[in-house]
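Here the structure comes first, spelled out in structure tokens, and everything after it is commentary.
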Amino acid sequence: MVQKSLAAELQERAARAVPAEFGERVGQWWLRHAPGCSWWIGSVLPHGGHEASRAELEALIAAAEAYTAEREIPTLLQMTPEAVPPRLDALLAARGYERQVPVSLQTATTSEVLALAQRGAERGSLRVRLDKHPTREWFQAWSAVVGGDPEPRWRLLQRITEASAYASVELGDETVAVGRAVAEDGWAGLFNMATRPEARGKGAAGAVIAALADWAAVNDAARMYLQVEQENEGALRLYARAGFTELSPFYFRVKK
């Protein structure tokens, strides 16, 4: 029995923190579908079958393809080298799956994030508030930055069952930056970070991280994690300043 890697554990925590509307297990693989939400939420987590034969892996891939074909969505697999079967990448490539979207899974201690984020946040007239549940103001500020159909994303937030915090940074009468954290068994994940263009470079994002790290510490989450696209240079710099370092790179394989 292959022991599950920390990267696999954190990515499964993330999947619970950003729950798809539909999902089922095939063996140890987790098939998901999230209509109207960010594309990656509907990816397959192929976190099992390290000792499977080629035929067994081909059967798992076929099951994933049947699941996505029934729902008329692309077959998308999240690929973390230490979390997936060693021969899976080559099998997918041979079946025509394209490699896309390099992402960084990052971690940090909550104490370091809190210290660095507080030091770097130039709050000035910024006000920070925390809520246990998403407010309409929080959601509207996030939606204004990321776009897309708001209703499926609002429903996603209602499916979250783990302890959560929603941070809002207010400048004047306007919410200019938001983010949320989800705590589970000593870890807190950061999600939905967004800052309005006019507030960037003013410490708003750092204030969000500081508030969420403080909440994580209070809720006995000694460590934090996040996932960020490697092409997002601004976000990478922000998280590096807050003490996050890469635990594992990963990417996606997609067959359209």
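From a predicted model like this one, the values you see are computed outputs, not experimental measurements.
Side-chain contact check for E170 versus R129: some heavy-atom pair is nearer than 4.5 Å. Between R253 and D89, the closest side-chain pair of non-hydrogen atoms falls below 4.5 Å. By the 4.5 Å heavy-atom criterion applied to side chains, H33 and T68 are not counted as neighbours. Two residues are said to be in side-chain contact when any heavy atoms from C-beta on lie closer than 4.5 Å; V254 and T75 fail this criterion. With a 4.5 Å cut-off on side-chain heavy atoms, S104 and Y239 do not count as touching. The side-chain heavy atoms of V178 and V208, taken from C-beta on, include no pair separated by under 4.5 Å. Counting heavy atoms from C-beta outward, I73 and W39 have side chains that stay 4.5 Å or more apart. Counting heavy atoms from C-beta outward, V169 and R127 have side chains that stay 4.5 Å or more apart.
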Which donor-acceptor pairs under 3.5 Å do side chains of residues 219-227 form with protein atoms, sequence neighbours excluded?
from	atom 1	to	atom 2	distance (Å)
N219	ND2	W215	O	2.8
Y225	OH	A14	N	3.4

Practice prompt. Show your reasoning for whether side chain to side chain contact (heavy atoms under 4.5 Å, CB included) applies to E24 and V26.
Written response: CA-CA 7 Å; E24 64 182 63; V26 176; 4.3 Å; yes
Discussion item. Between D214 and T110, is the side chain to side chain contact (heavy atoms under 4.5 Å, CB included) condition met? List the steps.
Written reply: CA-CA 8 Å; D214 184 59; T110 301; over 6 Å; no
Item to complete: Assess whether side chain to side chain contact (heavy atoms under 4.5 Å, CB included) is satisfied between L10 and T107, documenting all intermediate values.
Response: CA-CA 10 Å; L10 292 179; T107 62; 3.7 Å; yes
Practice prompt. Report the C-alpha separation of Q28 and H47 in whole Å, then their side-chain angles, then the decisive distance to 0.1 Å, and conclude whether the side-chain hydrogen bond (donor to acceptor under 3.5 Å, both in side chains) test is met.
Written response: CA-CA 6 Å; Q28 297 179 60; H47 293 170; over 6 Å; no
Discussion item. What verdict does the side chain to side chain contact (heavy atoms under 4.5 Å, CB included) test give for T175 and Q140, after you've listed the backbone C-alpha separation in whole Å, the side-chain angles of each residue and the deciding distance to 0.1 Å?
Written reply: CA-CA 9 Å; T175 300; Q140 288 169 359; over 6 Å; no
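In this structure R153 satisfies the side chain to side chain donor-acceptor pair (under 3.5 Å) test with no other residue, sequence neighbours excluded. Y251 meets the ring pair (Phe, Tyr, Trp, His ring centres under 6.0 Å) test with no other residue; sequence neighbours excluded. Partners of R200 under the salt bridge (charged side-chain N to carboxylate O under 4.0 Å, His left out) rule, at least two apart in sequence or in another chain, do not exist in this structure.
Side-chain N or O atoms of R25 include none that pairs as donor or acceptor with a backbone N or O of W30 at under 3.5 Å. Between the side chain of Q230 and the backbone N or O of V103, at least one donor-acceptor pair lies under 3.5 Å.
Here the closest non-hydrogen pair linking P134 and Q158 is CG-NE2, 4.0 Å. When all heavy atoms of W29 and P46 are compared, the pair lying nearest together is CE2-CB, 3.5 Å. Between L57 and P85 the shortest heavy-atom distance is CD2-CG, 3.8 Å. For A108 against G243, the heavy-atom pair with the smallest separation is CB-O, 3.4 Å. Minimum interatomic distance between P249 and T80 (heavy atoms only, all atoms of both residues): O-CG2, 4.1 Å. Across A216 and A188, no two heavy atoms sit closer than the pair CB-CB, 3.7 Å.
In the hydrophobic cluster analysis, where Ile, Leu, Val, Met, Phe, Trp and Tyr join through side-chain heavy atoms closer than 4.5 angstrom, F244 is grouped apart from F250. Taken together through direct or relayed side-chain contacts under 4.5 Å among Ile, Leu, Val, Met, Phe, Trp and Tyr, V182 and V146 form part of one hydrophobic cluster. Two different hydrophobic clusters hold V218 and L116 under the rule that ILVMFWY side chains link at heavy-atom gaps under 4.5 Å. A single hydrophobic cluster is seen to contain both L105 and L76, as judged by linkage of ILVMFWY side chains at heavy-atom distances under 4.5 Å, directly or through other members. Residues F191 and V228 fall into different hydrophobic clusters, defined by Ile, Leu, Val, Met, Phe, Trp and Tyr side chains chained together at heavy-atom separations under 4.5 Å.
The distance from atom CE of M79 to atom CG of L45, rounded to the nearest 0.5 Å, is 11.5 Å. The distance from atom CD1 of I209 to atom CE of M193, rounded to the nearest 0.5 Å, is 4.0 Å. For the atom pair H133 NE2 and S164 OG, the distance stands at 8.5 Å (nearest 0.5 Å). In this structure, the separation between NZ on K202 and CZ on R196 is 12.5 Å, given to the nearest 0.5 Å. Atoms CZ and CG, from R13 and L6 in turn, are 8.5 Å apart once rounded to the nearest 0.5 Å. Taking CG from L88 and NE2 from H50, the interatomic distance works out to 9.5 Å, rounded to the nearest 0.5 Å.
Ion pairing of R32 with E21 is absent here, as no side-chain N (NZ or NE/NH1/NH2) approaches a carboxylate O to less than 4.0 Å. The pair E184-R16 meets the salt-bridge criterion, since a charged nitrogen lies less than 4.0 angstrom from a carboxylate oxygen.
Taking the centre of each ring, F252 and W40 stay at or above the 6.0 Å mark.
At most 12 non-hydrogen atoms from other residues, nucleotides or ligands lie less than 6.0 angstrom from CD of E233.
Every pair passing ring-ring contact (aromatic ring centres under 6.0 Å, His included) that includes a residue from residues 156-188 is listed here, sequence neighbours excluded: W138-Y166. Each salt bridge (charged side-chain N to carboxylate O under 4.0 Å, His left out) pair with one or both residues in residues 52-79, not counting sequence neighbours, appears once here: R54-E58, E58-R95, E65-R95, E65-K255.
A donor atom on one side chain and an acceptor atom on the other are not found under 3.5 Å apart for S168 and E137.
Each of L247, L236, T245 was compared with Q106 under the side-chain contact (heavy atoms from CB on, under 4.5 Å) criterion, and only L236 meets it.
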